[in-house]
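Quick note: residue numbers are just sequence positions, from 1. Just so you know, these numbers come straight off a predicted model, no measurement behind them.
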Amino acid sequence: MKPIILIPARMASTRLPNKPVADLNGEPMIVAVWRRAVEAEVAPVWVATDTVEIAEAIRAVGGNAVMTRVDHPSGSDRIFEAITNIDPDAEYDALLNVQGDLPTVTPETIRAILKPLETPEVDVSTAVAVIHSEEERTASSVVKMVGTPIGERRFRALYFTRTTAPWGEGPLYHHIGLYGWRRSALERFVKLPPSPLELREKLEQLRALEAGMRIDAVEVDEVPLGVDTAADLDRARLMLAKD
């Protein structure tokens, strides 16, 4: 495999205006995410954005940024346009999609999502973590992965849901929104219309499952903080100040 890390980022955010360039201990948040991806040391890192200010923030620290259209419905669509522009000859065949609002994600988690793509039958890889709190078990904001174990800390994903699942005794797994894409799978995915279960659960990854794609999940030891509000940003500042 020849992997590349792509970080989609756009300014539009209703709960935290200008989120990617919000100050995070002296630098824009998107730069903090970029640094985590670089620290993974597995692939070149590019930020895909529709905003010049975001691109300039990344270039100011020596990073790579590529401009994309403003009308993409999802980060998956944005990174597909980005890789098409960056690599028209298709030299990179594994794309790691790191969310632009996860400044606390560890390099170890980013590296973990590359491993399942070494299995040729896997189209998409992602990460999960064991849920420990009762609040998270029942919260619709916490997406759960339902999967069957196929190895140590490795699962074949069967479904993703906002409800509490599966039923019965045993652990529940919190889905972490990082993805590894086989490039051919992403190209197929972005050409598909939104699927019925995707629209019902508001979970994009269900489109891949409904189309028959194989998603494997790897268990990691963290749930990185997603920054959606000013309170989240304050938490991220405290967490990173301790590093």
Side-chain angles (χ1 to χ4, degrees), residues 2-107 109-111 113-114 176-181 183 186-187 189-191 204 224-230 232-234 236-237 239-241 243:
K2 188 173 182 180
I4 185 171
I5 298 174
L6 297 163
I7 306 171
R10 63 192 184 102
M11 282 294 197
S13 174
T14 55
R15 290 188 287 178
L16 186 60
N18 301 325
K19 180 167 69 171
V21 295
D23 180 77
L24 189 53
N25 298 346
E27 65 182 6
M29 184 174 71
I30 189 63
V31 172
V33 179
W34 172 83
R35 291 192 191 282
R36 294 289 174 141
V38 170
E39 289 167 3
E41 296 184 331
V42 292
V45 181
W46 284 76
V47 170
T49 184
D50 60 5
T51 306
V52 171
E53 188 178 354
I54 294 172
E56 289 177 343
I58 293 298
R59 290 168 182 155
V61 293
N64 295 313
V66 59
M67 298 302 297
T68 56
R69 301 198 322 264
V70 300
D71 59 346
H72 285 302
S74 72
S76 300
D77 296 281
R78 191 172 306 283
I79 67 166
F80 183 69
E81 183 195 352
I83 194 61
T84 303
N85 294 338
I86 295 166
D87 181 34
D89 296 327
E91 293 184 11
Y92 294 106
D93 57 359
L95 318 178
L96 305 187
N97 181 351
V98 177
Q99 314 276 58
D101 59 0
L102 296 178
T104 70
V105 66
T106 65
T109 293
I110 296 171
R111 286 195 290 267
I113 62 172
L114 185 59
I176 300 165
L178 300 172
Y179 294 97
W181 286 94
R183 183 168 179 160
L186 179 61
E187 182 173 9
F189 176 86
V190 298
K191 293 176 181 177
E204 186 185 39
L225 172 65
V227 174
D228 291 315
T229 66
D232 294 334
L233 185 62
D234 287 339
R237 287 172 178 146
M239 292 171 69
L240 293 177
D243 287 353

Side-chain polar contacts of residues 42-51 - donor-acceptor pairs under 3.5 angstrom, sequence neighbours left out - could you list them?
residue	atom	partner	partner atom	Å
T49	OG1	A9	O	2.8
T49	OG1	T51	N	3.1

E187/R183 ion pair, N-O < 4.0 Å: no
For the atom pair CD (E81) and OG1 (T68), what is the distance rounded to the nearest 0.5 Å? 5.0 Å
Nearest heavy-atom pair of P103 and L24: which atoms, and what distance? CB-CD2, 3.5 Å
Shortest non-hydrogen contact from R111 to A40? NH1-O, 3.1 Å
Keeping to residues at least two apart or across chains, list the salt bridge (Lys or Arg N to Asp or Glu O under 4.0 Å) pairs with something in residues 60-73. R69-D71
Backbone of G177 reached by a side-chain donor or acceptor of Q99 within 3.5 Å: yes
Give the minimum heavy-atom separation between N25 and D23, together with the two atoms involved. N-OD2, 3.7 Å
Rounding to 0.5 Å, atoms CG (L102) and CD1 (I176) come to a distance of 9.0 Å
Heavy atoms of I113 and I110 approach each other most closely as CG1-O, 3.1 Å
Find the distance between CG (D101) and CG (D228) and round it off to the nearest 0.5 Å. 5.5 Å
CG (L186) and NZ (K191) are apart, to the nearest 0.5 Å, by 10.5 Å
Closest non-hydrogen contact found for P107 with R36 is CG-O, 3.9 Å
Under 6.0 Å between the ring centres of W181 and F80? no
Show the nearest heavy-atom pair for residues I7 and W34, with the distance to one decimal. CD1-CA, 3.8 Å
Tell me, which pairs form a side-chain hydrogen bond (donor to acceptor under 3.5 Å, both in side chains) where one or both residues lie in residues 88-98, sequence neighbours left out? K2-E91
Between CG of L233 and NZ of K19, what distance do you get to the nearest 0.5 Å? 10.0 Å
So do the side chains of D232 and L16 get within less than 4.5 Å of each other, counting heavy atoms only? no
Is there a side-chain contact between L95 and I4 in this structure, where contact means two heavy atoms from C-beta onward sitting under 4.5 Å apart? yes
Does atom CZ (R237) have a neighbourhood of more than 12 heavy atoms from anything else shown, all under 6.0 Å? yes
Interatomic distance, CE@M11 vs CD1@I54, rounded to 0.5 Å, equals 4.5 Å
